There are 2 protein chains.
Amino acid sequence: MARGLSIGRVARATGCKVQTIRYYEGIGLLPQPHRTNGNQRQYDESAIGRLSFIRHARELGFSLEAIRDLLALSDDPDNSCADVDRVAQRHLDQVESRIARLQSLQRELKRMLTQCRGGKVATCKVIDVLSDHSLCVSDDHREGPSL
Amino acid sequence: MARGLSIGRVARATGCKVQTIRYYEGIGLLPQPHRTNGNQRQYDESAIGRLSFIRHARELGFSLEAIRDLLALSDDPDNSCADVDRVAQRHLDQVESRIARLQSLQRELKRMLTQCRGGKVATCKVIDVLSDHSLCVSDDHREGPSL
DNA sequence: CTTGAAGCTCTAGTTACTGTAGATATTAGG
DNA sequence: CCTAATATCTACAGTAACTAGAGCTTCAAG
């Protein structure tokens, strides 16, 4: 009876785009599903679970590589939770340093904007600030791929 | 006397990589410099200024497109500062919404991690949280290219 | 049985670079 | 002046994580 789910149904159920699902299959995050006689993909419920997991983790800013790790860990229920925690903790660290950097950036932008109201470009503080490297707040511009 | 600066010197002076400078030239952010007989680029001091501007703005998270706008505006000193302000203000708005989203993400990650200490994957709360879409905090996952 | 939506594969484009290969140029030391 | 080391040149490929399109086939409804 249960005929299986078309890729479009899975897309609607999870909020992913059809192409994204195919892309995830291509890079090995999703297993290759059964195909109909006409070569169309047919999924079962478990695909929705796995894809929801991926999508939610992406929304939380995990990279596809981190998600690949998480999926591998979760596929083995005897695995120690500590490994999963480690991935999440590392991600939390990244998020926190990112917040800190954005906040210092926010301060600098606000300062720029309050100093410069009206006037001509020739005296624009925004451009001054951007030109003057010595005013730079942060030297950290290395950042992981996530988010 | 002043023979002009090699690309390597400019790179060291600004903290950019040599390839990055050539890339910026290729996409029209930097003008084509004079060349030596041997076809090597020779810059003057003004190139360092322009490149520092670009680099600093990048560090502050402006996209190359925004920087292109800013450079065009700053190249005409009669321009109204308001246009420059508008670019900076829009960027500030983006930064602030990004901070807000990261903070809610931070809360969710912390909650995940405090709920799950030790144990096996089969009962791991991190994986539970990531699997359960209904717990999702934020629905905003559209974001501009900058930073 | 027809028609239109949905699916298929494959390719190229996005952003902002980074890295490599293989050839040429410049500079410093002897 | 010659050589060796370093720097630069062009051109192309690769990165992350998709997105969009061309041109074709399949499916479901009426």
Side-chain angles (χ1 to χ4, degrees), chain A residues 3-30 32-43 47 51 54-71 91 94 98 141-147, chain B residues 3-30 32-43 47 51 53-71 91 94 141-147:
Chain A
R3 193 60 59 82
L5 302 154
S6 74
I7 194 169
R9 279 191 172 285
V10 173
R12 277 189 297 277
T14 58
C16 285
K17 300 207 170 178
V18 165
Q19 299 107 295
T20 306
I21 298 175
R22 289 196 281 246
Y23 170 72
Y24 287 161
E25 180 186 327
I27 62 169
L29 278 189
L30 292 175
Q32 298 192 338
H34 178 242
R35 300 280 188 133
T36 66
N37 293 344
N39 197 35
Q40 301 198 349
R41 290 169 178 82
Q42 277 200 311
Y43 296 92
L51 192 48
I54 296 172
R55 177 151 154 77
H56 195 185
R58 284 294 297 142
E59 278 170 0
L60 292 182
F62 287 85
S63 71
L64 289 184
E65 267 325 292
I67 292 171
R68 197 189 292 278
D69 293 349
L70 253 13
L71 282 169
H91 187 59
Q94 276 174 22
R98 190 174 268 258
H141 39 87
R142 279 279 145 256
E143 186 61 22
S146 55
L147 197 60
Chain B
R3 194 60 60 81
L5 303 154
S6 73
I7 194 169
R9 278 191 172 286
V10 174
R12 275 189 298 276
T14 58
C16 286
K17 300 210 171 178
V18 165
Q19 298 106 299
T20 307
I21 298 175
R22 288 196 282 246
Y23 171 72
Y24 287 160
E25 180 186 326
I27 63 170
L29 279 190
L30 292 175
Q32 298 192 338
H34 177 243
R35 299 282 187 130
T36 65
N37 292 344
N39 197 34
Q40 301 199 351
R41 290 167 178 83
Q42 277 198 312
Y43 296 91
L51 192 49
F53 180 99
I54 297 171
R55 176 150 153 79
H56 196 186
R58 283 294 296 141
E59 277 170 1
L60 292 182
F62 287 86
S63 71
L64 288 184
E65 267 325 291
I67 292 170
R68 197 189 293 279
D69 293 350
L70 253 13
L71 282 169
H91 187 59
Q94 278 174 21
H141 39 87
R142 280 279 145 257
E143 186 61 22
S146 56
L147 199 59

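Everything quoted here is computed from the prediction, not taken from an experiment. Order of the sequence lines sets the chain letters (A, B, ...), proteins ahead of strands, with each chain counted from 1.
Checking the phosphate oxygens (OP1, OP2) of C:dA16, no side-chain nitrogen or oxygen of B:K17 falls inside 4.0 Å. Contact check, B:R41 against D:dT10: a side-chain N or O comes under 4.0 Å of OP1 or OP2. The side chain of A:R35 contributes an N or O atom lying less than 4.0 Å from OP1 or OP2 of C:dT9. B:T36 has a side-chain polar atom (N or O) that falls below the 4.0 Å cut-off from OP1 or OP2 of C:dT26. Remark: B:S6 is not in phosphate contact with C:dT26, judged by side-chain N or O atoms under 4.0 Å from OP1 or OP2.
Along DNA chain C, the nucleotide nearest A:V18 and the nucleotide nearest B:N37 are compared for position; the residue whose nucleotide lies closer to the 5' end is A:V18.
Ion pairing of A:R68 with A:E65 is present here, as a side-chain N (NZ or NE/NH1/NH2) and a carboxylate O approach within less than 4.0 Å.
The distance from atom CD of A:Q32 to atom C1' of C:dC8 is 14 Å, rounded to the nearest whole Å. Distance A:L64 CG to D:dA17 P: 4 Å, rounded to the nearest Å. Remark: C1' of C:dT26 and CG of B:N39 are 13 Å apart, rounded to the nearest angstrom. Remark: C1' of C:dA16 and CD of B:E65 are 11 Å apart, rounded to the nearest angstrom. Counting to the nearest Å, the C1' atom of C:dT9 and the CD atom of A:Q40 are 12 Å from each other. As a whole-Å value, the separation of B:R9 CZ from D:dT6 C1' is 13 Å. The separation between B:R55 atom CZ and C:dA16 atom P is 15 Å, rounded to whole Å. Rounded to whole Å, atom C1' of D:dA17 lies 6 Å from atom CZ of A:R58.
Residue contacts shown for A:R12 are absent, as no nucleic acid heavy atom lies under 4.0 Å away.
Annotation: the span from A:L29 atom CG to A:T20 atom OG1 amounts to 11.5 Å, rounded to 0.5 Å. Here CD1 of A:I54 is found 5.5 Å from CG of A:L71. Values are rounded to the nearest 0.5 Å. To the nearest 0.5 Å, atoms SG (A:C16) and CZ (A:R22) are separated by 12.5 Å. In this structure, CZ in A:R55 is found 11.5 Å from CD1 in A:I67, a value given to the nearest 0.5 Å. Interatomic distance, CZ of A:R41 versus CG of A:L30, reported as 10.0 Å (0.5 Å rounding). Taking NE2 of B:H56 as the reference point, atom OG1 of B:T14 lies at 13.0 Å (rounded to 0.5 Å).
Remark: B:R35 CZ is packed, more than 12 non-hydrogen atoms of other residues, nucleotides or ligands lying under 6.0 Å away.
Side chains of A:Y43 and A:I21 form a contact here, defined as non-hydrogen atoms less than 4.5 Å apart.
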Atom pairs, N/O to N/O, protein against nucleotides 3-5 of chain D, distance under 3.5 Å?
none

Pairs under 3.5 angstrom, nitrogen or oxygen only, protein versus nucleotides 27-29 of chain C, please.
none

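In the region residues 21-30 of chain A, proximity to DNA chain D at under 4.0 angstrom, judged on heavy atoms, holds for A:Y23, A:Y24.
Between A:K17 and A:A11 the shortest heavy-atom distance is C-CB, 4.3 Å. Considering all non-hydrogen atoms of both residues, B:R58 and B:S63 come closest at NH1-CA, 3.9 Å.
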